[in-house]
Protein chains: 2
Amino acid sequence: MKSARTTTAKTEIQELIISSSVALSHSEIQKSLEGLCDRVSIYRVLERLMEEGVIHKIVNVDGVVKNAWCHSCSAKHCHNHIHFSCQKCKVVTCLDNVEPSFKLPKNYKVSEMNFTLPGLCPQCS
Amino acid sequence: MKSARTTTAKTEIQELIISSSVALSHSEIQKSLEGLCDRVSIYRVLERLMEEGVIHKIVNVDGVVKNAWCHSCSAKHCHNHIHFSCQKCKVVTCLDNVEPSFKLPKNYKVSEMNFTLPGLCPQCS
DNA sequence: TAGTTAATGCAACATTGTTGCAAAAGTAAT
DNA sequence: ATTACTTTTGCAACAATGTTGCATTAACTA
């Protein structure tokens, strides 16, 4: 019966992501924490927050992995929304209300969606 | 006036990607070439093929970069199609005819699309 | 065929992410 | 508060992927 434990690192990282309006990369989190904990610990905390359904991962168009709070997953866990990736300020935002529609060929079974739109955000355009 | 040169490595890599029905990663290309050229040369050839508009890059949901032939870009260069990423056989396919529709909030200016659907392909489902 | 310069190979390095293990810290029972 | 148990952490080492500088090789041009 393993039970999760509340640690300083986990609390700080969770608050950081939840209070951020944009998705954060590992290196961005590391900079914000200023040596509060080890690189490896950040990876492990993010892993736990993923399992708990608190955050979700986004692979940006440049390959950088960003972590974002699941603020629309309270009822049921789903990530069928579009992510916007600003090419100027490099910020990745979850557009929670934008759900795309499309028609797939037969026999393709979709399990998730991973939609990212590069471009210019309202602040940069 | 710098002009591109036809080399064995470039010809081989280009033919490999064009003849493949699925997108190929750097390591997959390297294995196929069996020591024909250096790792670094593969990166540089891919860079040139990108600039020439022969191929395009796809960042898969697991972060692996795949390279695919632009076979629908002959007239105008666009990649507004969906990519399918099979979770079983790990193959990434361009679904050239599938163009999604969606409504963005105001002031967002989209320059590209990067849509990938993880799931099971016809062969694996 | 000789000269020019693009392309290559090699070494070194940076970044990102993973794993094993001993030490530290959180939790629950006494 | 102290103890015992187990999760979490820090550290070191490693792997994969991608980049850069520089000397050498090879493709094109005249």
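Chain naming here is simple, since letters A, B, ... match the order of the sequence lines and numbering starts at 1 in each.
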Starting at CG of Leu33(A) and ending at P of dG10(D), how long is that distance when rounded to a whole Å? 11 Å
If Ile, Leu, Val, Met, Phe, Trp and Tyr residues are connected whenever their side-chain heavy atoms lie under 4.5 Å apart, and connections chain through other members, are Val45(B) and Ile29(B) in the same group? yes
Report the distance from atom CG of Asp62(B) to atom P of dA16(D), rounded to the nearest whole Å. 15 Å
Just by distance, with hydrogens left out, do Asn114(B) and Thr116(A) show a side-chain donor and acceptor under 3.5 Å apart? no
With the side chain of Arg39(B) defined as its heavy atoms from C-beta on, choose the nearest nucleotide among dT8(D), dT16(C), dT19(D). dT19(D)
Rounded interatomic separation in angstrom, taking CG from Leu46(A) and P from dT16(C): 13 Å
Just to verify, which of Thr8(A), Leu36(A), Val54(A), Leu49(A) counts as forming a side chain to side chain contact (heavy atoms under 4.5 Å, CB included) with Ile13(A)? Leu49(A)
Here's a test of your reading of the structure: between Gly35(B) and Thr6(A), which maps to the more 5' nucleotide of DNA chain C? Gly35(B)
Distance-only donor-acceptor test, Arg44(A) side-chain atoms vs dG10(D) base atoms, 3.5 Å: yes
Rounded off to whole Å, could you give me the CG-to-C1' distance for the Asp38(B) and dA26(D) pair? 16 Å
Taking Lys57(B) first and then Glu47(B), would you say they form a salt bridge - that is, a charged N and a carboxylate O separated by under 4.0 Å? no
Need to verify one output field. Residue with the more 5' nearest nucleotide on DNA chain D, Val64(B) or Val40(B)? Val64(B)
Which one, dG17(C), dT5(C), dT9(D), comes nearest to the side chain of Arg5(B)? dT5(C)
Is the phosphate of dG10(D) approached by Ser41(A) (side-chain N or O, under 4.0 Å from OP1 or OP2)? yes
Scan Arg48(B) against the nucleic acid and name what it touches under 4.0 Å (heavy atoms): base, sugar-phosphate only, or nothing. sugar-phosphate
Applying a 4.0 Å non-hydrogen cut-off, can you work out what Val45(B) is touching in the nucleic acid: base, sugar-phosphate, or nothing? sugar-phosphate
Could you tell me how far apart Glu28(B) (CD) and dA16(D) (P) are, to the nearest whole angstrom? 15 Å
In whole angstrom, what separates Asn67(B)'s CG from dT17(D)'s P? 13 Å
Any side-chain heavy-atom pair from Leu120(A) and Ser111(B) closer than 4.5 angstrom? no
Could you check how far CD1 of Ile42(B) sits from P of dA7(C), rounded to whole Å? 16 Å
Give the rounded distance in Å between these two atoms: CD of Glu47(A) and C1' of dT16(C). 15 Å
Looking only at the side chain of Thr7(B) (C-beta and beyond, no hydrogens), which of the listed nucleotides dT8(C), dT17(D), dG10(D) gets closest? dT8(C)
Counting any heavy atom closer than 4.0 Å, what does Leu36(B) reach on the DNA or RNA strands: base, sugar-phosphate only, or nothing? sugar-phosphate
If you look at every strand shown and take non-hydrogen atoms under 4.0 Å, does Val65(A) touch a base, only sugar-phosphate, or nothing? sugar-phosphate
